[in-house]
Amino acid sequence: MSQSQVRVRFAPSPTGPLHIGGIRTALFNYLFAKKHNGTFILRIEDTDQTRFVEGAEKYINDSLEWLGLTPDEGVLQGGKFGPYKQSERNEIYKKYADELIAKGWAYYAFDSSEDLDKLRAKYETDKMTFAYDCQTRKQLCNSLTLSESETNQRLNSDGSWVIRFKMPEDFEIHATDLIRGDVKFMSNTLDDKVLYKSAENLPTYHLANIVDDHLMEISHVIRGEEWLPSLPLHVMLYKAFEWDKTMPHFAHLPLILKPSGKGKLSKRDGDKEGFPVFPIQYEAPNGEIASGYREAGYFPDAVNNLLALLGWNSGTEQEVFSIEELSSLFSLDRVNKSGARFDPEKAKWFNHQYLIAKPNNQLAELFNLELTSKNISMPIEKIETIVGLVKERINFVSELWSQTFFFFEAPSNYDEKVVQKRWKDQVPKFMLKLSQMLSTHENWTCDSIKEATSQLISSENENFGNIMNTLRLVLVGGSFGPDLFTIVELIGKDQTVARINKACTVL
RNA sequence: GGUCCCUUCGUCUAGGGGUUAGGACACAAGAUUUUCAUUCUUGAAACAGGGGUUCGAUUCCCCUAGGGACUACCA
């Protein structure tokens with residue numbers, strides 16, 4: 001595989017459900033890979049056992065599958081750079097940590113987390129922030145301050161230790177971000193991050209991430225902006241390993257912000273604010289359920305589309321794109337720098353666009369599933385017609401029923417306001433005449449029915465608008481629905497007559 | 001607090017040294033639909049502030065303010 005080959009990875013950790021921010025990151029990686037005929041890799045970063053959540057990995061796979069963002073390489077797909085789960089790559093990392101120690105880029109630290117916590121607390125009372133860095137490491141318990149023999153003794157004892165990166169002093173770190181340009185950091189302001197922990201015999205994110213990206217020949221790291229602060233560390237790690245020549249390019253995506261209020265979108269925002277934050281429904285191990293876009297009735301393409309436009313645009317006025325169009329149009333230099341507030345209303349609009357673009361027969365099939373569950377059966381052709389009548393006015397397939405129930409069953413109650421406005425003294429008399437006329441009407445098409453009804457209305461000196469509204473009331477239960485004579489034609493003669501007669505006795 | 005990132009209508013954004021600063025969502029009004037919705041038309045709505053640079057800045061630079069992220073033996 002050549003060096004110029006695009007290889008990107010989406011590297012979530014299975015600590016819970018992935019929200020749409022994570023999905024957006026996956027999507028941008030996917031689009032970038034497709035655009036460049038590259039490889040999209042899914043790597044599971046499960047180096048923190050304490051935060052491992054049962055089912056989270058499956059959730060990630062299911063979500064990506066639903067959206068069609070299928071990895072080219074990954075735990076399920078395989079590939080020659082596997083394994084793709086960090087917990088299964090365990091034995092790889094230690095030697096790289098050792099290499100850093102040998103080169104003088106890292107050191108052993110023996111301070112207990114309790115001691116460090118105390119230190120942090122103490123600093124805080126002095127309104128300062130503790131950092132394990134080039135200054136404090138000189139006073140702490142590590143292989144830099146301890147003698148070699150004492151270090152070895154501690155390493156061989158039962159006590160736990162960690163390997164920390166030895167961040168150089170007074171060094172200006174330059175990094176290039178494909179979206180933000182050059183970013184500079186002073187190494188003094190950075191701390192000595194833990195790279196490896198003996199207690200679990202596991203690397204931390206930083207080490208595992210760099211080692212795996214290198215080993216998997218990742219060409220571009222496309223991740224959320226929350227990682228920007230660790231970019232200098234990562235750049236230094238590449239330098240320390242002498243991998244600078246093949247260091248991937250970095251692109252930090254703008255964050256997705258809460259629709260209202262402050263901060264980035266979080267897992268807790270969704271159901272509280274009345275919109276899903278998760279791609280598909282998530283049931284936590286404790287049984288709590290968080291709603292998903294799939295269950296809310298969104299089409300996967302619509303979700304991809306709306307997410308793509310959060311932080312990226314084509315530069316044209318087009319907003320509705322198929323995944324193929326996105327794949328060929330996507331480019332990192334059209335990604336925005338600033339965070340994007342998520343707009344649930346526009347999300348619905350995107351789904352509406354996909355819904356109205358869907359052929360009626362497909363919508364009818366989806367709707368038929370719901371009808372079947374209600375024990376309603378009707379020829380699919382007729383459902384198609386009904387769906388076509390109302391699809392312009394809805395955003396979701398799930399709204400179909402409330403817009404069309406009167407095609408399938410008589411209204412069980414009548415809108416009080418409309419009754420008061422329309423159901424006046426002589427109305428029942430006329431309605432009975434109308435039902436009588438219709439019951440003998442032969443040519444049951446909307447045009448013919450309309451003509452006959454109009455004639456009756458004028459011969460009886462009734463007001464057309466008033467009668468229309470009243471007829472609508474008795475047929476659908478309120479003042480809603482598509483063209484009235486189309487409804488009359490579709491529900492048929494018997495239903496029409498029966499509904500009129502029922503209203504006359506009930507109201 | 002420290003470090004870093006960001007800043008065009010309410011929101012997502014286009015644009016870019018001279019523009020009537022464009023589009024979309026949402027909102028409002030009108031037309032059509034003898035109802036509802038759709039549709040169409042129209043409207044209101046933005047360059048955070050202050051300094052430079054320049055003939056000219058919303059656009060380039062600096063400062064301020066505001067927002068955000070990070071600041072774990074989490075990712």
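Letters A, B, ... are given to chains in the order of the sequence lines, protein chains preceding strands, and every chain is numbered from 1.
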| Under 4.0 angstrom, heavy atoms only, what part of the nucleic acid is A:G478 near: base, sugar-phosphate, or nothing? | nothing

| For the ring pair A:W161 and A:F110, is the centre-to-centre distance below 6.0 Å? | no

| message | Which nucleotide wins on minimum distance to the side chain of A:L228, given the candidates B:C5, B:G67, B:C73? | response | B:C5

| field | Pairwise P distance, B:U20 and B:A37 [rounded to whole Å] | value | 39 Å

| task | Please state whether the phosphate of B:C74, meaning OP1 or OP2, lies under 4.0 angstrom from any side-chain nitrogen or oxygen of A:K197. | result | yes

| Is the phosphate of B:A14, meaning OP1 or OP2, less than 4.0 Å from a side-chain N or O of A:N313? | yes

| message | Please tell me if A:K346 has a side-chain N or O lying less than 4.0 Å from either OP1 or OP2 of B:U13. | response | no

| request: Choose from B:C73, B:G23, B:A69 the nucleotide whose nearest atom is closest to any side-chain atom of A:E317. | output: B:G23

| task | Consider the side chain of A:D48, meaning its heavy atoms from C-beta on, and name the nucleotide among B:A24, B:C74, B:A72 that approaches it most closely. | result | B:C74

| Now, which nucleotide makes the Watson-Crick or G-U wobble pair with B:A46, with each of the two distances under 3.5 Å? | none

| request: Specify whether A:F405 and A:F480 have parallel, tilted or perpendicular ring planes, treating 30° as the upper limit for parallel and 60° as the lower limit for perpendicular. | output: tilted

| Nucleotide forming a Watson-Crick or wobble pair with B:A29, both distances under 3.5 Å | B:U41

| request: Assess the pair A:W312 and A:F28: is the distance between their ring centroids shorter than 6.0 Å? | output: no

| Without hydrogens or angle criteria, can the side chains of A:D48 and A:Y205 be said to hold a donor-acceptor pair below 3.5 Å? | no

| task | For A:D483, answer base if it contacts any base atom (sugar-phosphate contacts may also be present), sugar-phosphate if it contacts only those atoms, and nothing otherwise; contact means non-hydrogen atoms under 4.0 Å. | result | base

| Gap in Å between the two C1' atoms, one belonging to B:U8 and one to B:A57, rounded | 14 Å

| task | For A:N336 and B:C6, give me the distance from atom CG to atom C1', rounded to whole Å. | result | 11 Å

| field | Closest to side chain of A:Y205, choosing from B:C25, B:C36, B:A75 | value | B:A75

| said: Does A:F185 reach a base, just sugar-phosphate, or nothing at all? Heavy atoms under 4.0 Å. | reply: sugar-phosphate

| Does the ring center of A:Y93 lie less than 6.0 Å from the ring center of A:Y196? | no

| message | Is the phosphate of B:U7 approached by A:K337 (side-chain N or O, under 4.0 Å from OP1 or OP2)? | response | no

| request: Take atom C1' in B:A69 and the same atom in B:C73, then report the distance between them in whole Å. | output: 22 Å

| Residue mapping more 5' on RNA chain B - nearest nucleotide basis, A:N463 or A:G311 | A:G311

| message | Counting the atoms with a prime plus P, OP1 and OP2 as sugar-phosphate, which does A:K184 contact under 4.0 Å by heavy atoms, base, sugar-phosphate, or nothing? | response | sugar-phosphate

| note | To the nearest angstrom, the CZ-P distance between A:R341 and B:A24 comes to 22 Å

| query | Separation of A:F130 atom CZ from B:U3 atom C1', in whole Å? | reply | 17 Å

| task | For A:N395 and B:A26, give me the distance from atom CG to atom P, rounded to whole Å. | result | 8 Å

| Interatomic distance at P, B:U42 relative to B:C25, whole Å | 14 Å

| remark: Partner of B:C55 under the Watson-Crick or G-U wobble criteria, both distances under 3.5 Å, comes out as B:G18

| Are A:R164 and A:Y132 in a cation-pi setup, meaning NZ or CZ lies under 6.0 angstrom from the ring centre and within 45 degrees of the ring axis? | yes

| query | Roughly how many Å is it from CG in A:D133 to C1' in B:A72, rounded to a whole number? | reply | 15 Å

| field | Nucleotide nearest A:L310 (side chain, heavy atoms from C-beta), chosen from B:C12, B:C73, B:C5 | value | B:C12

| request: Examine A:F275 together with A:F342 and report whether their ring centres are nearer than 6.0 Å. | output: yes

| said: Looking only at the side chain of A:V183 (C-beta and beyond, no hydrogens), which of the listed nucleotides B:C6, B:C70, B:C5 gets closest? | reply: B:C5

| query | Under 4.0 angstrom, heavy atoms only, what part of the nucleic acid is A:R180 near: base, sugar-phosphate, or nothing? | reply | sugar-phosphate

| note | Scanning all shown strands, the Watson-Crick or wobble mate of B:A69 with both distances under 3.5 Å is B:U3

| B:U58 and B:G49, which share atom name C1', separated by this distance in whole Å | 13 Å

| task | Determine the interatomic distance between P on B:U7 and the same-named atom on B:U13; round to the nearest Å. | result | 11 Å

| request: Would you indicate which nucleotide in B:U7, B:C70, B:C25 comes nearest to any side-chain atom of A:S338? | output: B:U7

| Shortest side-chain distance from A:E392, nucleotide among B:C70, B:C6, B:U39 | B:U39

| request: Side chain of A:F480 only, please: which of B:U13, B:C36, B:U11 is the nearest? | output: B:C36

| request: Specify the residue among A:P12 and A:L484 whose closest nucleotide of RNA chain B lies further upstream toward the 5′ end. | output: A:L484

| Whole-Å gap separating P (B:A72) and CZ (A:R164) | 10 Å

| request: Name the nucleic acid region contacted by A:K127, choosing base, sugar-phosphate or nothing; use a 4.0 angstrom heavy-atom cut-off, strictly under. | output: nothing

| message | Could you check whether A:K94 and A:N201, counting side-chain N and O atoms only, form a donor-acceptor pair closer than 3.5 Å? | response | no

| query | Taking atom P of B:C5 as reference, at what distance in whole Å does atom CG of A:L255 sit? | reply | 15 Å

| What integer number of Å spans the C1' atoms of B:G52 and B:C70? | 33 Å

| request: Ignoring backbone atoms, test whether A:T47 places a side-chain nitrogen or oxygen under 4.0 Å from the OP1 or OP2 oxygen of B:A75. | output: yes

| task | Using a 4.0 Å heavy-atom cut-off across all strands, classify A:R334 as base, sugar-phosphate, or nothing. | result | sugar-phosphate

| task | With heavy atoms under 4.0 Å as the rule, sort A:W227 into base, sugar-phosphate or nothing. | result | base

